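Taking it in order: structure first as structure tokens, then the write-up.
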Amino acid sequence: LNEKQYCLNNGKWYRIDNAFVASINRQYASIDVCDTDFAEYVNDETEDEYNTTLGEFLQGSHLLHTYKVAIGGGQGNNIEPCDLLWNNKLIHVKKNGGSSVLSHLFNQALVAGQAWLDAGFRSQLRQKMLDAGEPDCISEPFRSSEYEIIIAIINKFQDERPKIPFFSKVAICFVSTNIKNLGYRVKLKNIKRND
């Protein structure tokens, strides 16, 4: 409104500092966009169905979203390595369902990226894949600098760069910096819905 950004939080409106908005928008615009073609999302597909479709579209990819790997002991410590592994690209996919859903996606990509650095995590994942008849496609020694993490958002918007809420931009800027600090490259992908 009048070139100012506002947010509604717990029933109260807050005006966001313009300098902060400009800084976040610049950071968000600086995150690379993946130019690889992805399959279009058909509106009635579940995320799992879309991952299967995308896996068929990206020939030679490996669906990993069903493999949960325990790390760190205790219950609830299962980590999803990514949705798809394709040509040293760790692809994480989620429908745009607002800031909380997107924050989960971004943090999932960061946590998984950290887990991939752990030899025990990779060993467990490799064994699960071999047990399921998958080929051994995890290179050793593992070097994060040889991998790219793609954060793909199923979106009703058609822009090449995903259109997301402002506070999701804040979250992805933080996550992107931390993923890069782990040695990976980071890219965003807007998955177009075919409604």
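Every value quoted in this text rests on a predicted model; they were computed, and no experiment measured them. Quick note: residue numbers are just sequence positions, from 1.
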*Is the count of non-hydrogen atoms from other residues, nucleotides or ligands lying under 6.0 Å from Glu146 atom CD greater than 12?*
yes
*asked:* Please check if the number of heavy atoms outside Phe166 that lie under 6.0 Å from its CZ is greater than 12.
replied: yes
Quick check: is [Y] connected to [X] through a chain of hydrophobic side chains (ILVMFWY, heavy atoms under 4.5 Å apart)?
X      : Y      : result
Val101 : Tyr41  : no
Ile179 : Phe142 : yes
Ile138 : Leu130 : no

Quiz question: by atom type and distance under 3.5 Å, do the side chains of [X] and [Y] form a donor-acceptor pair?
X      : Y      : value
Asn25  : Lys169 : yes
Ser176 : Tyr184 : no
Asn51  : Glu47  : no
Asn190 : Asp159 : no

What distance do [X] atom [atom1] and [Y] atom [atom2] have between them, rounded to the nearest 0.5 Å?
X      : Y      : atom1 : atom2 : answer
Ser99  : His104 : OG    : NE2   : 14.5 Å
Ile150 : Ile91  : CD1   : CD1   : 4.5 Å
Leu85  : Cys137 : CG    : SG    : 5.0 Å
Ser123 : Glu140 : OG    : CD    : 8.5 Å
Glu80  : Lys68  : CD    : NZ    : 4.0 Å
Cys82  : Leu84  : SG    : CG    : 7.0 Å

Taking the side chain as every heavy atom from C-beta outward, state whether [X] and [Y] have any pair of such atoms under 4.5 Å apart.
X      : Y      : answer
Tyr67  : Met129 : yes
Ile153 : Phe106 : yes
Ile149 : His92  : yes
Ile154 : Lys94  : no
Lys189 : Lys89  : no
Lys187 : Ile151 : no
Lys156 : Lys192 : no
Arg161 : Leu188 : yes

*Quick one: closest heavy-atom pair of Pro81 and Ala112, and the distance?*
O-CB, 3.4 Å
*Check Glu45 against Lys95 and note the closest heavy-atom contact, atom names and distance.*
O-NZ, 3.5 Å
Would you be so kind as to tabulate the donor-acceptor pairs closer than 3.5 Å made by side chains of residues 56-65, with sequence neighbours excluded?
| from | atom 1 | to | atom 2 | distance (Å) |
| --- | --- | --- | --- | --- |
| Ser61 | OG | Gly55 | O | 2.9 |
| Ser61 | OG | Leu58 | O | 2.9 |
| His62 | ND1 | Glu134 | OE1 | 3.3 |
| His65 | ND1 | Asp48 | OD1 | 3.2 |

*asked:* Run the side chain to side chain donor-acceptor pair (under 3.5 Å) test on Arg193 and Asn43 for me, step by step, so that the C-alpha distance in whole Å, both residues' side-chain angles and the decisive distance to 0.1 Å come before the verdict.
replied: CA-CA 6 Å; Arg193 286 168 50 168; Asn43 198 34; 3.1 Å; yes
*Passes side-chain contact (heavy atoms from CB on, under 4.5 Å), Ile79 versus Val111? Steps please.*
CA-CA 8 Å; Ile79 295 174; Val111 169; 3.9 Å; yes
*side-chain contact (heavy atoms from CB on, under 4.5 Å) between Leu182 and Leu110, worked out*: CA-CA 9 Å; Leu182 296 174; Leu110 174 59; 4.1 Å; yes
*asked:* Less than 6.0 angstrom from the centroid, inside 45 degrees of the normal: does Lys163 satisfy that with respect to the ring of Phe157?
replied: yes
*asked:* Whether the side chain of Asn178 engages the backbone of Phe174 through a donor-acceptor N/O pair (distance < 3.5 Å, no angle test) should be reported.
replied: yes
*Short side-chain to backbone donor-acceptor contact, Arg122 and Trp116, under 3.5 Å*: yes
*Evaluate the side-chain contact (heavy atoms from CB on, under 4.5 Å) criterion for residues Val170 and Phe20: first the C-alpha distance (whole Å), next the side-chain angles of each, then the deciding distance (0.1 Å), finally the verdict.*
CA-CA 10 Å; Val170 174; Phe20 181 64; 4.0 Å; yes
*Those residues that, when tested against Glu3, pass salt bridge (charged side-chain N to carboxylate O under 4.0 Å, His left out) (two or more places apart)*: none
With a cut-off of 3.5 Å and sequence neighbours excluded, list every side-chain donor-acceptor pair involving residues 26-40.
| from | atom 1 | to | atom 2 | distance (Å) |
| --- | --- | --- | --- | --- |
| Gln27 | NE2 | Ser23 | OG | 3.3 |
| Tyr28 | OH | Pro162 | O | 2.5 |
| Ser30 | OG | Gln27 | O | 2.7 |

*asked:* Between Phe167 and Ser100, is the side-chain contact (heavy atoms from CB on, under 4.5 Å) condition met? List the steps.
replied: CA-CA 9 Å; Phe167 280 103; Ser100 62; over 6 Å; no
